[in-house]
A.B. asks: 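This is the structure, below, for whatever I ask next.
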2 protein chains.
Amino acid sequence: MTNIREGIRDITQFEEPDWLLFREALTGRQIGKGQFLMQPGDTCRHIHFLQTGLLRSFYLKEGEEWTVAFSLENSFCTDLKSLRSGQPSEIGIQALEPSTLLSISKSDLITLYQQSHQIEAFGRRLLEALLEEQEEYLSWFRLYSAKERYDFMLQKHPALLQRVPLGQLASYLGIRRETLSRIRGLRA
Amino acid sequence: MTNIREGIRDITQFEEPDWLLFREALTGRQIGKGQFLMQPGDTCRHIHFLQTGLLRSFYLKEGEEWTVAFSLENSFCTDLKSLRSGQPSEIGIQALEPSTLLSISKSDLITLYQQSHQIEAFGRRLLEALLEEQEEYLSWFRLYSAKERYDFMLQKHPALLQRVPLGQLASYLGIRRETLSRIRGLRA
DNA sequence: GCGAATGTGTGACAAAAGTCAAAAAGCTAC
DNA sequence: GTAGCTTTTTGACTTTTGTCACACATTCGC
């Protein structure tokens, strides 16, 4: 339970009473390699904090899976669109490695937001950080070639490349497996 | 001053005292066509609410301007990265049409967040909506061709296409002017 | 009005990435 | 270890998009 406390502390100050309130709402969970936290079509009702392991979120397009996010240890994972709307999700979430999670339900979180200004502030700051990250990631696609996007990935998450199948990394970069394979061949 | 009140009400409930507090911090401003709200290298210290007009945010890459966002009436505009870090921005913001703005400084906003839980909740929900929009927009780039991105634009913001020079629209879609010109030629 | 910017469209060609097919390399389960 | 699976690589070819050059159109200042 310590990891998430650290993760929150990085983002905002949490007084002890807020933390106790928050902790109360968390549910622990384990999930095996290859298992699904949710399938496309499910409605997303939780935000997950990944303690250990690795998750991928993917979108289905014409029967093919396109990875839209990898979630690393000590990060949060959900499908914001479905969570907010209450509608079925277009996203699935799968564990690429055995993973341990702490999850909080949407309804509990809404209650916490109302009960505690500090927790609300935490939510806001977390979203700010996510949006900033997303903006950077978007610029990869607007401004740079497949090769450059791969190089950024090498810089930013070198370890991830060893943990993820090439096909899924390719789809995350918005390209075909074959293209990524060729890009990697260049630097041999 | 009524527009922004509506804009906020769409996102969250604001009681009268919160609104008065918030309004206190707003500064009105007009800006002519072609003028810059900020230049790349400036540090971003405000969030702007666009009452009327049209703004574009752009990024410089090898001397070329790449539009990263258009801001329409009744929407918020800032550079989140520079605003959060206090570092010089890589982004410039220019008025494409004569525009009227209401602006709030970062320091005032931080104070407001601390003073009012409701205002903090507003900030969080606004960020949620922005992040959801950004996620959708990112999927355009990962999954779809230049032509398809243009078609999405036609669906989502048909009016905008009449107000924006083709070159800027092209850079927003991550393609060259010539390519966009050809895409448009197809549907003649 | 006129001329200079600025913005847009077209053509010929080059580069990047996708497609399809098949071979090579890695894993897994007996 | 080996058969059977999945993943990755390679090759030939196609499609998409970029590049460069230039013609045409529009806007704006004067």
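The figures that follow rest on heavy atoms only: side chains count, while hydrogens, waters and symmetry mates do not.
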A.B. asks: Step through the shown structure and confirm whether more than 12 heavy atoms of other residues, nucleotides or ligands are within 6.0 Å of NZ on K33(A).
C.D. replies: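 Count not over threshold, so no.
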A.B. asks: Under the salt bridge (Lys or Arg N to Asp or Glu O under 4.0 Å) rule, what do R84(A) and E132(B) come out as? Steps first, then yes or no, please.
C.D. replies: CA-CA 9 Å; R84(A) 272 167 39 94; E132(B) 186 180 326; 2.7 Å; yes
A.B. asks: Counting only side-chain N and O atoms of R184(B), is one of them less than 4.0 Å from OP1 or OP2 of dG9(C)?
C.D. replies: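 Indeed, a polar side-chain atom of R184(B) lies that close.
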A.B. asks: Rounded to the nearest Å, what distance is computed from the CG atom of residue L166(A) to the C1' atom of nucleotide dT10(D)?
C.D. replies: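 That distance rounds to 14 Å.
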A.B. asks: CD of Q162(B) versus P of dT8(C): gap in Å, rounded?
C.D. replies: 12 Å
A.B. asks: With the threshold set at 4.0 Å, does a side-chain nitrogen-carboxylate oxygen contact exist between E90(B) and K61(B)?
C.D. replies: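 The answer is no: the pair does not qualify as a salt bridge.
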A.B. asks: Expressed in angstrom and rounded to an integer, what is the separation of R163(A) atom CZ from dT7(D) atom C1'?
C.D. replies: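 One finds 19 Å between C1' of dT7(D) and CZ of R163(A), rounded.
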A.B. asks: Looking at residues at least two apart in the chain, or sitting in another chain, which of them share a salt bridge (charged side-chain N to carboxylate O under 4.0 Å, His left out) with E16(B)?
C.D. replies: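 Salt bridge (charged side-chain N to carboxylate O under 4.0 Å, His left out) check on E16(B) returns R5(B).
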A.B. asks: Hey, what are the protein-to-nucleotides 16-20 of chain D N/O distances that come in under 3.5 Å?
C.D. replies:
unit_1	atom_1	unit_2	atom_2	d
dT17(D)	OP1	A146(B)	N	2.8
dG18(D)	OP2	R176(B)	N	3.2
dG18(D)	OP2	T179(B)	OG1	2.7
dT19(D)	OP2	R176(B)	NE	2.8
dT19(D)	O4	R182(B)	NH1	3.3
dC20(D)	N4	E178(B)	OE2	3.3

A.B. asks: Would you kindly check if the NZ (Lys) or CZ (Arg) of R9(B) is within the cone defined by 45 degrees around the ring axis of F14(B) and under 6.0 Å from the six-membered ring centre?
C.D. replies: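 Verdict for F14(B): no cation-pi partner in R9(B).
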A.B. asks: Please list, chain by chain and in numerical order, all residues satisfying side-chain contact (heavy atoms from CB on, under 4.5 Å) with L166(A), sequence neighbours excluded.
C.D. replies: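 Partners of L166(A) under the side-chain contact (heavy atoms from CB on, under 4.5 Å) test: R177(A), L180(A), R184(A).
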A.B. asks: Write down the distance between CG (L96(B)) and P (dT6(C)), rounded to a whole number of angstrom.
C.D. replies: 15 Å
A.B. asks: Rounded to whole Å, how long is the line connecting atom CZ of R177(A) with atom C1' of dA23(C)?
C.D. replies: 16 Å
A.B. asks: Whole Å only: how far is the CG atom of L169(B) from the C1' atom of dG7(C)?
C.D. replies: 13 Å
A.B. asks: Starting at CD of E65(A) and ending at C1' of dT7(D), how long is that distance when rounded to a whole Å?
C.D. replies: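 Rounding to the nearest Å, CD of E65(A) and C1' of dT7(D) are 15 Å apart.
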